[in-house]
Amino acid sequence: MEIVVSDSMVQNTNQVEGRAVPEKTLGNIHVDNPRMTARNVDVFYGDKHAIDNISLDIGASQVISFIGPSGCGKSTFLRCLNRMNDTIDICQVEGEIKIDQQNIYDPAIDVVSLRARVGMVFQKPNPFPKSIFDNIAYGPRIHGLAASKVELDQIVESSLQRAGLWEEVKDRLDQPGTGLSGGQQQRLCIARAIAVSPEVILMDEPCSALDPIATAKVEELIHELREQYTIVIVTHSMQQAARVSDRTAYFHLGKLVEVGETKQIFTNPQHELTQDYITGRFG
Amino acid sequence: MSFTNLMLAVLVIGALYFIAGQRVALALRSGNAGKLHSLPHYHGLWAAITSALPALIVLLTIVIGKDLLFQFWARDYFPQDILNGDAVDRAIALAKVSNVVNGIDFGQVEPWVQSAGDAWIRWEANAVVVANSLVLAVSLVGGLLGYRRINPTFRSRNNVERILTWMLIGSSLVAILTTVGIVLSVLFESIRFFKLIPPQDFLFGLEWNPQFEGAERAGSGGGTATYGMVPMFVGTFLISAIALTVAVPIGLFSAIYLAEYATPRIRGVVKPLLEILAGVPTVVYGFFAALTVAPFVKSVGESMGLEVASESALAAGLVMGVMIIPFISSLSDDVINAVPQSLRDAAYGLGSTRSEAVRQVVLPAALPGIVAAVILAVSRAVGETMIVVMAAGLAANLSFNPLDAVTTVTSQIVTILVGDQEFESAKTLSAFALALMLIVTTLALNYFALQIVKKYREQYD
Ligand SMILES: Nc1ncnc2c1ncn2[C@@H]1O[C@H](COP(=O)(O)OP(=O)(O)O)[C@@H](O)[C@H]1O
Ligand SMILES: [Mg+2]
């Protein structure tokens, strides 16, 4: 993928923390084969302008990671992609977000089926207080994905297998999901998301509540899932972004400062804010 | 000084010791005594507590203890036949003496009553003198001892903490002991009742008719009194069941609406309104039931060709249901709100609609808490008195028909104890036995509710 830096140099700058936040995103926001496209997205929480004119493509069968200091709007932007922000009363989203050329904010779109196509994994593992089986079967049941009990069993097994959890839990599917360890719970949540066969999986700091070993397992899993799914991951860990993602987007104060191939962002950042962040000068 | 003034004096002395303690500590701090272990106001508090607390305890002991002591002393004046008589005779003798003491004149009294009364008045006067000197001495000396211990290394802060802990423990002990005392007294009266009426007749008897006892004594015959509690418990549970049929769905649905659907503005209005409903005195519900709902139920029933008692279980149950709606809705609203937002996020993130998320995730997670809320409401309904006294009638029919008049345990207790009592009769004592059964029932219900809540608490980390 070619990196375009040309016309996007600083035109009009805001002074923030002594550094200039560019009016326009540096790097190439486009990809050849986009699954989702966001154009000129603004998000407001009441009066607070949380996302300021962000445009970005999410490439199919790729992992893109969002990095940036706390409160810069990574989660907010992520939650726009499956309209989870609809559940917050004061939140208002403007601009255009498309999945496979369909505008997801179009009134004709059913938000329920959108969320089945764009699944989500949260910061803190949040299994339902139900059995492991029922946790996975929840999505297929509400969307009517399984015609029979046998089919449902198959979905549950293959989801757990793809999440790398099958061997650990196959003998105790009827026990509560909340009884698993933190790392297992998070992989259970990933399996639960996979079970409805989404096209895109959004992950909001999925490892921040996990220990290093569990984190390594989840990262390995993300690595395997990239074959079939488009993955967007918010992370606080630069190493994690470098390890798991193909592209990286750097957010700062509600703006998308820079986006590009992960290797390029980490070895040769265009903007000094990106540079400062990845070298750990602030965070 | 009267006892009230004495108490005020103790408090004033305590306040003075507070000032003195604080000042000496301040002086120590500004002098070269080194760093104080505790802040000056802790030293002040220490001095005040050492002065006031023992003095107040002594005062309380005297106030409570003196009457017991005087009653004991007064027996020396009682004639032999009263001393040999039963508790009632002795109580009457004491009442006569206390009339003399209080200057209430019922005409000529026996000479021994007069002399006992005079002695009692003397003792009272002495008690005041003793109390005055003792309490003041204790407060002054105690305070002085505390005050003299103040020095830079003295740990007033820790000592005050320890005393406060004990005071808190003392308060909760009072609450617990009171409860235990009530239960025990009911228990002992019930045992007396069971000496007269065999427990199995009471527990399993299908007929309740204590009224015959009086007639029997008056010699007019008319059968024997019967003390079977079953009809009243059936009545209680019938009315409670009707109440729950009304209150559980309405309370639960309004809780779901408030917790999951209502905007903050609506919630801010509706929730306080529901809580006001919980604050309406039950007597108001009672006359609402008796004057409005019961006639309405009767006329509707009769227009449908049914036979309805004018004080039907249905009317009482309906109104009681309205009364416990706020219990169920308010408690359920709390437990539904306590379900972590992360579970809702998970459900919505998988593409649930709101009602799917409520039915399949939120309610199952909140279910133990909701069950506990319902059980607490049941025990409230079982113990409710006013509504059933006013609306449910007194006929102890053994009936499961909601259109019949039934009676409940609580309203029978009221009927038995209203008016003049003979304390030795089985009829009066039966009220205690009924109360015991009621306490056992509601205690068991509350225990189950607590167990369920406890289990529920363990569910999320
Ligand atoms: N529910 C909300 N209500 C109001 N403001 C919010 C809400 N969620 C996030 N914000 C604000 O939006 C900004 C971006 O938040 P967020 O997207 O959570 O940042 P990040 O995930 O990058 O740490 C923050 O300033 C935050 O205070
Ligand atoms: Mg975040």
Side-chain angles (χ1 to χ4, degrees), chain A residues 75 78-79 81-90 110-131 134-145 176-179 182 185-186 188-198 201-204 209, chain B residues 255-271 332-373 451-461:
Chain A
S75 301
L78 189 77
R79 291 162 60 92
L81 300 176
N82 70 343
R83 291 183 55 180
M84 274 302 276
N85 285 328
D86 290 14
T87 61
I88 300 171
D89 290 329
I90 56 167
D110 176 15
V111 64
V112 166
S113 48
L114 169 71
R115 290 190 193 137
R117 292 171 71 187
V118 185
M120 187 151 194
V121 175
F122 297 84
Q123 187 163 355
K124 204 175 141 243
N126 54 357
F128 298 128
K130 299 174 186 287
S131 71
D134 286 340
N135 262 281
I136 310 293
Y138 179 87
R141 278 186 182 135
I142 59 172
H143 295 297
L145 301 183
T178 43
Q185 287 188 14
Q186 195 60 302
L188 181 71
C189 293
I190 294 174
R192 183 175 64 184
I194 291 173
V196 291
S197 312
I201 303 176
L202 311 175
M203 300 186 178
D204 193 350
Chain B
I256 293 172
Y257 172 72
L258 281 182
E260 296 291 320
Y261 290 84
T263 63
R265 264 232 327 271
I266 295 180
R267 188 183 156 84
V269 176
V270 175
K271 191 150 190 202
S332 306
D333 177 59
D334 290 343
V335 294
I336 291 175
N337 265 321
V339 173
Q341 181 60 33
S342 66
L343 290 185
R344 295 186 185 87
D345 286 344
Y348 293 134
L350 286 164
S352 310
T353 63
R354 207 194 281 253
S355 83
E356 281 164 355
V358 168
R359 272 184 290 128
Q360 298 181 18
V361 175
V362 176
L363 282 188
L367 192 64
I370 293 171
V371 171
Q451 289 303 309
I452 293 171
V453 170
K454 213 154 107 195
K455 208 173 143 207
Y456 164 70
R457 283 225 181 98
E458 290 162 357
Q459 209 160 12
Y460 319 109
D461 44 38

CG/L350(B) to CZ/R192(A) distance, rounded to the nearest 0.5 angstrom?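 Rounded to the nearest 0.5 Å, the CG-CZ separation comes to 5.5 Å.
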Distance col, row S352(B):OG vs R115(A):CZ, nearest 0.5 angstrom, shows 9.0 Å
Would you mind checking which part of [X] comes under 4.5 Å of any heavy atom in chain B, side chain (CB onward), backbone (N, CA, C, O), both or neither?
X	value
P176(A)	neither
F122(A)	side chain
V118(A)	backbone

Assert top hit (heavy-atom pairs under 4.5 Å, partner chain B, pool R79(A), R117(A), H143(A), M120(A)) equals H143(A)
* Asked: What residue in L202(A), D86(A), I142(A), V196(A) has the most heavy-atom pairs under 4.5 Å with chain B?
  ->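 Max contact count across the listed options: I142(A).
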Closest heavy-atom pair, N126(A) versus A346(B), reported as atoms and distance to 0.1 Å, is ND2-CB, 3.3 Å
Note: D89(A) and P264(B) closest approach over all heavy atoms is OD2-CD, 4.1 Å
